[in-house]
Protein chains: 2
Amino acid sequence: MRDFSQSLPMSLLRAREAVMRQFRPSLREHGLTEQQWRILRALAAIEAAEVTELARTAFLLGPSLSRILRDLEARNLIERKTAKTDQRRSMVSISKEGVKLMASVAPSSEAIYAEITQRFGARKLAELQEMLGELEQSLAGPGAGDGAGAEE
Amino acid sequence: MRDFSQSLPMSLLRAREAVMRQFRPSLREHGLTEQQWRILRALAAIEAAEVTELARTAFLLGPSLSRILRDLEARNLIERKTAKTDQRRSMVSISKEGVKLMASVAPSSEAIYAEITQRFGARKLAELQEMLGELEQSLAGPGAGDGAGAEE
DNA sequence: CGCATCAACTTAACATGTTAAGTATTTTCG
DNA sequence: CGAAAATACTTAACATGTTAAGTTGATGCG
């Protein structure tokens, strides 16, 4: 079997970790985890979103999002109100405090991203992202199960 | 600020998730998590390894590895014995049962990997891995902290 | 209308990620 | 030699990943 350290999953894992290692210290100084930061960024770009929509945007599973939203709400970084037309849905939005926190983190975050871009090269970065998108596309859909197991 | 769904961390996260989604069902059928599978694969390639070395190979943090090794040992998939020359170190190796389990998972795992390679294209896959390696390299070393915070 | 079904979350339970602290053993050096 | 520092793990504590089950509010339909 192929040396697993050369496998695609490991390559992706190591690359992502190398990138996130750059951001984590800064986020940590502001009391945010990577996932919390993703949610705030997603919310900052829109007025309000339903939980399910937010999960899709921030690429988090429902249960994780539920917990994080509970915590962010307790910290007054986001606000919730149930939708008028459907009591099941809740509309989530970023609070004033949330906006303020984002403003305090954004400069450092931008600087780190710029540093990464500069180190790796802007053109290569664009190429890489293009390929990652294609990979994602090529694996979307029916799934590459091996057929040996129960498809259910 | 850049639409965060287009950011490098998100691209890497989505790509990796797209890949792992292919493998998880098969691993799950065999009662293994992704991390447990990584450890078994790493161990299968060598006679025995120290915990620290294994952590580096399987790309796991010490605490995660400690827990997982405890569980794998309880399931008799691995074996441990403390090193003769240094009582602090323990040598970990895969057990017969572990080898058997690997043999039962490997075919499906290989098939899935082949399917991914075929869908995305072998040449592109090689290119992608090359770029991921370069990204990792370019971010190794001093760290791209923004300098605004405490370097400690 | 009323019941079965579906939809949107939320909770629960267990595994891992992440940082800090603890433990046991070795090494370094005065 | 023996105390201090370093090394190799392990535990602890809290956050998230992942799947299954539970809750509550909508919807479809006879």
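So that the names make sense, note that chain A is the first sequence line, chain B the second, and so on, each numbered from 1.
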Query raised in the report: Mind checking which nucleotides bracket the chain A contacts on DNA chain C, 5' to 3', with an atom under 4.0 Å from a heavy atom?
Result: C:dA7 to C:dA20
Restricting to nitrogen or oxygen on both sides, can you table the protein-nucleotides 26-29 of chain D pairs closer than 3.5 Å?
unit_1	atom_1	unit_2	atom_2	d
D:dA26	OP1	A:Gln87	N	2.7

Report task. Just jot down the side-chain contact (heavy atoms from CB on, under 4.5 Å) partners of A:Arg80, sequence neighbours excluded, or say none. Result -> A:Leu69, A:Arg70, A:Glu73, A:Ser90, A:Val92
Query raised in the report: Between A:Met91 and B:Arg38, who's closer to the 5' end of DNA chain C by nearest nucleotide?
Result: A:Met91
Requested in this report: Taking only heavy atoms on the protein side, list every residue of residues 71-80 of chain A lying under 4.0 Å from any atom of DNA chain C, sorted numerically.
Outcome: A:Arg80
Query - Pairing residues for B:Arg88 by the salt bridge (Lys or Arg N to Asp or Glu O under 4.0 Å) criterion, not counting sequence neighbours - result: B:Asp86
Anything under 3.5 Å between a donor and an acceptor, one on a side chain of residues 132-139 of chain A, the other on a protein residue two or more places apart or in another chain? List them.
unit_1	atom_1	unit_2	atom_2	d
A:Glu134	OE1	B:Lys124	NZ	2.4
A:Glu136	OE1	B:Arg14	NE	3.4
A:Ser138	OG	A:Glu134	O	3.3
A:Ser138	OG	A:Leu135	O	2.8

Report summary line: Residue set satisfying side chain to side chain donor-acceptor pair (under 3.5 Å) with B:Ser64, at least two apart, ordered chain then number -> B:Arg67
Query - A:Leu8 backbone acceptor or donor facing B:Tyr113 side chain under 3.5 Å - result: yes
Requested in this report: Consider only side-chain N and O atoms of A:Gln129 and B:Ser11, and report whether a donor and an acceptor are under 3.5 Å apart.
Outcome: yes
Report task. Taking side-chain contact (heavy atoms from CB on, under 4.5 Å) as the test, write out the residues that go with B:Ser66, two or more places apart. Result -> none
Show me, pair by pair, the donor-acceptor contacts under 3.5 angstrom made by side chains of residues 50-62 of chain A, not counting sequence neighbours?
unit_1	atom_1	unit_2	atom_2	d
A:Glu50	OE1	A:Arg89	NH1	3.0
A:Thr57	OG1	A:Glu53	O	2.9

Requested in this report: Please determine if B:Glu115 and B:Arg119 form a salt bridge, counting it only when a charged side-chain N lies under 4.0 Å from a carboxylate O.
Outcome: yes
Report task. Tell me, please, which residues at least two apart from A:Arg21 pass salt bridge (Lys or Arg N to Asp or Glu O under 4.0 Å). Result -> A:Glu17
**Report entry** Contacting residues from residues 46-67 of chain B, given that a heavy atom lies under 4.0 angstrom of DNA chain C
**Finding:** B:Leu60, B:Leu61, B:Pro63, B:Ser64, B:Arg67
Query raised in the report: Which salt bridge (charged side-chain N to carboxylate O under 4.0 Å, His left out) pairs, counting each pair once, include a residue from residues 92-104 of chain A, with sequence neighbours left out?
Result: none
Query raised in the report: Does the A:Ser104 side chain pair with the main chain of A:Leu101, one donor and one acceptor, at a distance under 3.5 Å?
Result: yes
